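Okay, structure first, notes after.
None of the values given here were measured: they were computed from a predicted structure.
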Amino acid sequence: MGSTTGGTDLPLKGGASVAVRGWRARLRDVVAGVSLASMNIPQVLGYTRIAAMPAVTGLYTVLLPLVAFACFGSSRHLVVAADSATAAIFSSALGRMATPGSPHYMALVSMVALLSAGFLLVARLFRLGFLADFLSRTVLVGFMAGVGVQVALAMLRDMLGLAVTAHNPLLQLFQMLAHLPRLSMPTMALSACVVGLIMLGDRLAPRVPLGLLTVVGAIAASMMFDLSRYGIETIGPIESGLPHLGLPHVSWNDMLALLPVTTSCVFVIIAQSAATSRAFAMRFHDRVNDNADILGLCAANAVAGLSGTFTVNGSPTQTAMAARAGARTQLAQLTFAAVTMLVLLFLTAPLRYLPRCVLASIVFTVALGMIDLRAMKAIWRESPGEYGLAMATAAAVVGIGVEQGIFLAIALSLFRHVRHSYEPHTMVLRYDTHTGLLEPGAVAAGQQTAPGLVVYRFSADLFYANSARFVADVRLLVDNPATPVSCLVVEASAITDIDFSAASDLRDLFMALRRRNIGVVFGRVSPYLRADMDRHRITPVVGAENLYTQLHTAIGAAQAIVKARGEAAIHRQG
């Protein structure tokens, strides 16, 4: 009886413990969602200035789109909402087609969101999520650091109370330096207090929702002391009420004219969202399904267009805010959407009193947290070359833009990969005098594995750019050696593919070796390599009997060739 009782009590206790932990996690996400709303609702209102849309449409971006992505996306952390990169892209293009803020302009903006949803659906059907595989961890660290610097510079203008018109971060910095004599001392003092309070609170009380408390306190102080009379700018009036669903009225010709700007937005959405979701999945050791995220982004942009707002994107800044607030699942984003609905219905009046500098100061501290100095130092210690890639990515994001920075980072990553393939490690395998095992050595004139025998390893697939390296190495090894080379063994474990150009170079090389009575044997030939050698007519030149799946059998066959040709040479001399 006692053992039975003990056996039933433990699962109950364990189950209760798991249930408590589950409720605590859900409560943490709900609190994080409320805190996230307090910081991000004012921020998306700021993005409407870039998009040239009414302020209330910023709130619409964090209502239905958040719910849609939570239902269809896979990332536990990505916040999909208004974003400065896509807002800048479509506003600059649509401003030439319609008057910013006019009904026609708003219809065009919503249609861009709907077209983006259509393009993203096509991207999902063709499984273009693989593009995110070209974003290495090094690139992601540099990308997040660049976005952090970019956002921090953008927030300084509101923190100092300066008017800046440039969109480029560096131009913004120059304009701020030129306008420094006009800064607002009360605004700067309030900003400094907020930054100091949050950074100190993060160290002393990291679990306290400081962003929420700061926003509430700032609104209360602004209402009580009328901070605007001291030159501290506030957000201002905001329309209330939920969005009306419907299709935007746009002509066929306008829709065709929107395709180029929509294409630009979609590329940025896929690249930036993938970079952000992967960066935070890496931080929290989660898995992410890029194709499912593309479907979630498709759904989010579809409901954005139907609800009269603009294109939404995976936001690095807002995702960083969510992580900092303690969010670990999309429950936080659903809470964020619920708070937004309450604000639209009941709380737009108090929100108008929030000082812009308080919002900018909160975002500024988040931006600084996006710069992962520990990761940068680790990359520097382990791989200075990749550190340069991370810094180049960060500099491109700050100096050129987020979308250009991402594409440049992908290009640099591919270039680095191609460079490794273009200049692969090559070596001659030689017998160690102590162990008798094969050890790698440098490729140099006169190097042999044994008298008359060379075992050569080429550590990459063969293609048009590196086949000349293969040919040059082999010629260096067989030309003018101390002992004439009778057989070359190619250790082919790293070679799985040969393209047309490389195959042509190899056929010419092996036929030249055959004319010099030098045998060629391949060891560790995979089925993929054998198929390529058959297709490119290399097998008849080398001889099918000289292709081996194991290295020791290939060396054994080569040693037999060396011995036979040595005996033949002695016989000729005799």
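A 4.5 Å side-chain heavy-atom check between Ser273 and Leu78 finds at least one atom pair inside the cut-off. Residues Arg124 and Cys298 form no side-chain contact, since every pair of their non-hydrogen atoms from C-beta on lies 4.5 Å or further apart. Taking 4.5 Å as the limit, every side-chain heavy atom of Asp372 sits out of range of all side-chain heavy atoms of Met144. Side chains of Thr262 and Phe90 form no contact here, defined as non-hydrogen atoms less than 4.5 Å apart. Under the 4.5 Å side-chain criterion, counting only non-hydrogen atoms from C-beta, Glu386 is not in contact with Trp380. Using a 4.5 Å cut-off on side-chain heavy atoms (C-beta onward), Asp532 and Leu462 make no contact. Side-chain atoms of His104 and Leu108, non-hydrogen and from C-beta on, do get closer than 4.5 Å to each other. Annotation: side chain of Phe336 is in contact with side chain of Ile41 (closest heavy-atom distance under 4.5 Å).
Atom CZ of Phe267 is surrounded by 12 or fewer heavy atoms from other residues, nucleotides or ligands within 6.0 Å. No more than 12 heavy atoms of other residues, nucleotides or ligands lie within 6.0 Å of CE in Met199, so this atom counts as exposed by the packing criterion. Under a cut-off of 6.0 angstrom, the local environment of CE in Met391 is sparse, with at most 12 non-hydrogen atoms contributed by other residues, nucleotides or ligands.
Taking CG of Leu160 as the reference point, atom NE2 of His179 lies at 12.5 Å (rounded to 0.5 Å). Atom-to-atom distance recorded for Ile294:CD1 and Leu121:CG is 10.5 Å, nearest 0.5 angstrom. Annotation: the span from Thr348 atom OG1 to Leu342 atom CG amounts to 12.0 Å, rounded to 0.5 Å. Here CG of Leu63 is found 8.5 Å from CG of Leu59. Values are rounded to the nearest 0.5 Å. Between the CE atom of Met188 and the CG atom of Leu156 there is a distance of 11.5 Å, given to the nearest 0.5 Å. We find the OG1-CZ distance between Thr426 and Phe458 to be 7.0 Å, quoted to the nearest 0.5 Å.
The closest side-chain donor-acceptor pair between Asn313 and Thr86, if any, does not fall under 3.5 angstrom. Side-chain contact annotation: Ser116 with Asn301, donor-acceptor N/O pair under 3.5 Å absent. Counting only N and O atoms by type, the side chains of Ser74 and Asp293 include a donor and acceptor under 3.5 Å apart. In the model, Gln272 has a side-chain atom that pairs as donor or acceptor with a side-chain atom of Asp83 under 3.5 Å. Side-chain contact of Gln333 with Gln330: a donor-acceptor pair under 3.5 Å is present, judged by distance alone.
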- Task: Mind running side-chain contact (heavy atoms from CB on, under 4.5 Å) on Ile198 and Ile362 for me, showing each step along the way?
- Result: CA-CA 8 Å; Ile198 290 179; Ile362 296 172; 3.6 Å; yes
- Message: Cys193 vs Leu197, test: side-chain contact (heavy atoms from CB on, under 4.5 Å). Steps then yes/no.
- Response: CA-CA 6 Å; Cys193 290; Leu197 176 66; over 6 Å; no
- Message: Using side-chain contact (heavy atoms from CB on, under 4.5 Å), reason through Phe143 and Val397 one step at a time and then give a plain yes or no.
- Response: CA-CA 7 Å; Phe143 165 74; Val397 169; 4.2 Å; yes
- side-chain contact (heavy atoms from CB on, under 4.5 Å) assessment of Leu354 paired with Thr234: CA-CA 5 Å; Leu354 177 64; Thr234 59; over 6 Å; no
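For Asn466 (side chain) and Arg469 (main-chain N/O), no donor-acceptor pair under 3.5 Å exists by modelled atom type. One N or O on the side chain of Ser102 and one on the backbone of Tyr105 form a donor-acceptor pair closer than 3.5 Å. Side chain of Ser91 to backbone of Ala51: no donor-acceptor contact under 3.5 angstrom is found. Of the possible polar contacts, one joining the Thr319 side chain to the Ser315 backbone as a donor-acceptor pair under 3.5 Å is found. Distance alone, capped at 3.5 Å, is enough to place a donor-acceptor pair between the Ser459 side chain and the His425 backbone. Within the 3.5 Å criterion, the main-chain N or O of Ala163 finds no donor-acceptor partner in the side chain of Arg157. Judged by distance alone, the side chain of Asp158 and the main-chain N or O of Cys357 form no donor-acceptor pair under 3.5 Å.
When the options Arg328, His77, Arg278 are evaluated for a side-chain hydrogen bond (donor to acceptor under 3.5 Å, both in side chains) with Asp286, the one that passes is His77. Applying the side chain to side chain contact (heavy atoms under 4.5 Å, CB included) test between Tyr387 and each of Met376, Arg381, Lys377, Glu382 identifies Met376 as the sole match.
Heavy-atom minimum distance, Thr335 versus Val30: CG2-O, 3.4 Å. Here the closest heavy-atom approach between residue Asp497 and residue Asp461 is recorded as N-OD1, 3.2 Å.
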